[in-house]
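To keep things clear, I will list the structure first and then write my remarks on it.
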Amino acid sequence: MANLSPAFAYTVVYVKDVARSVAFYSKAFGHSVRRLDESHRWGELDSGETTIAFTPLHQKETDGITGEVQTPSDGHHRAPVEVCFAYADVDAAFKRAVESGATAVSEPEEKEWGQKVGYVRDIDGIIVRMGSYVKPPPHSH
């Protein structure tokens with residue numbers, strides 16, 4: 001029997017301007033750029049085990065097959081996806097993101113599940129969760 005256990009390979013983010021989003025994510029969130037096609041129709045960031053990829057909102061290769069991407073019409077709505085990054089220092093990461101052009105949504109705060117979490121919007125209005133690594137629960141004796 002073939003091994004059908006998958007590795008999570010990509011998250012693809014559909015954006016207005018691939019080159020601009022790749023540069024923004026690199027600066028705002030600290031990723032190094034793995035690839036940006038000369039056509040500016042595909043870009044990738046190094047993010048550990050998986051790849052974050054960017055592609056234009058509308059493209060003939062996929063619109064006719066999987067449907068057109070729908071974007072929120074205003075700031076009171078959001079896309080049905082959230083990009084999440086973990087940091088050792090969420091406060092510093094949040095500050096860098098906002099200084100680099102992200103829109104602050106919610107300042108980092110401690111959550112009941114043992115994680116510090118803050119939210120920003122990227123330049124396309126996509127919500128980015130910035131959180132600490134979740135601490136394992138204390139051992140009970």
### Query
Does Val117 share a hydrophobic cluster with Val105, counting links as ILVMFWY side-chain heavy atoms below 4.5 Å and allowing steps through other members?
yes

### Task
Please tell me if the side chains of Val120 and Phe29 come closer than 4.5 Å, counting only heavy atoms from C-beta onward.
yes

#### Entry: For the student: nearest non-hydrogen atoms of Arg78 and Arg121, plus distance
CB-NH1, 4.1 Å

#### Entry: Side-chain heavy-atom pair Arg129, Gln115 within 4.5 angstrom cut-off
yes

### Partner residues of Tyr87 under the ring-ring contact (aromatic ring centres under 6.0 Å, His included) criterion, sequence neighbours left out
none

### Query
Does Met130 belong to the same Ile/Leu/Val/Met/Phe/Trp/Tyr cluster as Val98, with side-chain heavy atoms less than 4.5 Å apart forming each link?
yes

#### Entry: With Phe54 via ring-ring contact (aromatic ring centres under 6.0 Å, His included) - residues at least two apart
Tyr25

## Note on the structure
Interatomic distance, OG1@Thr50 vs OH@Tyr10, rounded to 0.5 Å, equals 10.5 Å

#### Entry: Residue pair Ser21 / Asp124, side-chain heavy-atom distance below 4.5 Å
yes

### Task
Establish, yes or no, whether a centroid distance under 6.0 Å links the rings of Phe94 and Tyr119.
no

### Query
Of Asp37, Leu57, Leu36, which is the lone residue that meets side chain to side chain contact (heavy atoms under 4.5 Å, CB included) with Val18?
Leu36

### Query
Atom NE2 in His31, atom OG in Ser47: separation rounded to 0.5 Å?
6.0 Å

### Task
Provide the closest heavy-atom pair for Ala102 versus Phe24 in the form atom of the first, atom of the second, distance.
N-CE1, 3.5 Å

### Summary
Scanning both residues in full, the closest heavy-atom pair of Ile123 with Gly101 reads CG2-O, 4.3 Å

### Message
Contact between Val12 and Trp42 at the side-chain level, heavy atoms closer than 4.5 Å - yes or no?
### Response
yes

### Reported OG-to-CG distance for the pair Ser100 and Asp122, which is rounded to 0.5 angstrom
12.5 Å

### Query
Quick one: does Leu45's side chain get under 4.5 Å of Val22's, heavy atoms only?
yes

#### Entry: Connected via hydrophobic side-chain network under 4.5 Å: Ile52 and Ile127
no

#### Entry: Rounded distance (nearest 0.5 Å) linking atom NZ of Lys16 with atom NE2 of His58
10.0 Å

### Summary
Output for pair (Arg35 CZ, Thr51 OG1), nearest 0.5 Å, gives 10.0 Å

### Task
Indicate, with yes or no, if Val134 and Val83 share a hydrophobic cluster defined by side-chain heavy-atom contacts under 4.5 Å among Ile, Leu, Val, Met, Phe, Trp and Tyr.
no

### Within one Ile-Leu-Val-Met-Phe-Trp-Tyr cluster: Val33 and Val15, side-chain cutoff 4.5 Å
yes

### Summary
Looking only at heavy atoms, the pair that brings Val90 and Gly118 closest together is CG1-N, 4.5 Å

### Task
Calculate, to the nearest 0.5 Å, the distance between atoms CZ and NE2 belonging to Arg20 and His40 respectively.
14.0 Å

### Query
Can you name the residues that form a salt bridge (Lys or Arg N to Asp or Glu O under 4.0 Å) with Asp63, not counting sequence neighbours?
none

### Query
Are the side chain of Ser132 and the backbone N or O of Lys116 linked by a donor-acceptor pair below 3.5 Å?
yes

